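Heads up, the thing below is written out as structure tokens.
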Amino acid sequence: MVKVYSKNNCMQCKMTKRYLTDNQISFEEVNIDHEPEALSFLKDQGFQSVPVIFGGQQAIIGFRPDQLKALA
């Protein structure tokens, strides 16, 4: 299962979720605006921006269709 950390009003987050949906890649969204502990988790891992996508060998940061393709 792919997990997408996102926030409100984030264009790269919207584009990432649309790409995953269009390519029938199921995902779980964690919105850091609604779940502050998720923001703490990301900061503890060293991430400073969203989206962060977990599901492959390593996390994908930002809207990266080239890397998202590997999750299909």
Side-chain angles (χ1 to χ4, degrees):
M1 171 63 93
V2 175
K3 189 175 274 195
V4 177
Y5 287 84
S6 67
K7 68 177 184 174
N8 298 336
N9 303 316
C10 166
M11 187 53 66
Q12 286 197 25
C13 300
K14 287 179 184 161
M15 290 166 38
T16 296
K17 292 182 287 185
R18 182 179 308 137
Y19 181 92
L20 294 173
T21 300
D22 288 350
N23 288 277
Q24 289 85 44
I25 302 169
S26 59
F27 65 94
E28 174 189 349
E29 180 180 5
V30 180
N31 187 314
I32 62 172
D33 288 333
H34 301 287
E35 300 183 43
E37 66 279 359
L39 177 58
S40 298
F41 166 76
L42 290 178
K43 286 184 175 178
D44 290 346
Q45 301 294 315
F47 298 107
Q48 298 176 347
S49 63
V50 289
V52 177
I53 302 95
F54 292 101
Q57 296 286 333
Q58 59 188 31
I60 300 170
I61 305 158
F63 178 58
R64 298 289 308 271
D66 56 323
Q67 293 180 8
L68 292 172
K69 191 186 317 178
L71 299 175

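Since this is a predicted model, take the numbers as computed values, not measurements.
Within 6.0 Å of atom NZ in Lys17, more than 12 heavy atoms from other residues, nucleotides or ligands are found, so the atom counts as buried in its surroundings. Within 6.0 Å of atom CG in Asp22, more than 12 heavy atoms from other residues, nucleotides or ligands are found, so the atom counts as buried in its surroundings. Atom CD of Gln58 has 12 or fewer heavy atoms from other residues, nucleotides or ligands within 6.0 Å.
Taking all atoms of both residues into account, the shortest heavy-atom contact from Leu71 to Gly56 is CD2-N, 3.7 Å. For the pair Val50 and Cys10, the tightest heavy-atom approach, listed with the atom from each and the gap, is O-SG, 4.1 Å. Shown here for Val52 and Ala59, the closest heavy-atom pair between the two residues is CG1-CB, 4.2 Å.
Both Leu42 and Val30 are part of a single hydrophobic cluster, where members link through side-chain heavy atoms under 4.5 Å apart. Each of Leu68 and Phe54 belongs to its own hydrophobic cluster when Ile, Leu, Val, Met, Phe, Trp and Tyr are linked at side-chain heavy-atom distances under 4.5 angstrom.
For the atom pair CD (Gln67) and CD (Gln57), the distance works out to 12.0 Å, reported to the nearest 0.5 Å. With rounding to the nearest 0.5 Å, the separation of CZ in Phe63 from CD1 in Ile53 is 9.5 Å. The CD atom of Gln12 sits 10.0 Å away from atom CZ of Arg64, with the distance rounded to the nearest 0.5 Å. From Gln48, atom CD reaches atom NZ of Lys43 across 9.5 Å, with rounding to the nearest 0.5 Å. For the atom pair CG of Leu20 and CE of Met15, the computed distance is 12.0 Å after rounding to the nearest 0.5 Å.
Between Ile60 and Thr16, every side-chain heavy-atom pair lies at or beyond the 4.5 Å cut-off. Ile32 places none of its side-chain heavy atoms less than 4.5 Å from the side chain of Phe41. Put simply, the side chain of Ser49 reaches to within 4.5 Å of the side chain of Ile61, judged on heavy atoms.
Among residues two or more places apart in sequence or in another chain, the ring pair (Phe, Tyr, Trp, His ring centres under 6.0 Å) test is passed with Tyr19 by none. Under the side chain to side chain contact (heavy atoms under 4.5 Å, CB included) criterion, Met1 pairs with Ser26, Glu28, not counting sequence neighbours.
In this structure, the side chain of Asn23 does not engage the main chain of Ile25 through any donor-acceptor pair within 3.5 Å.
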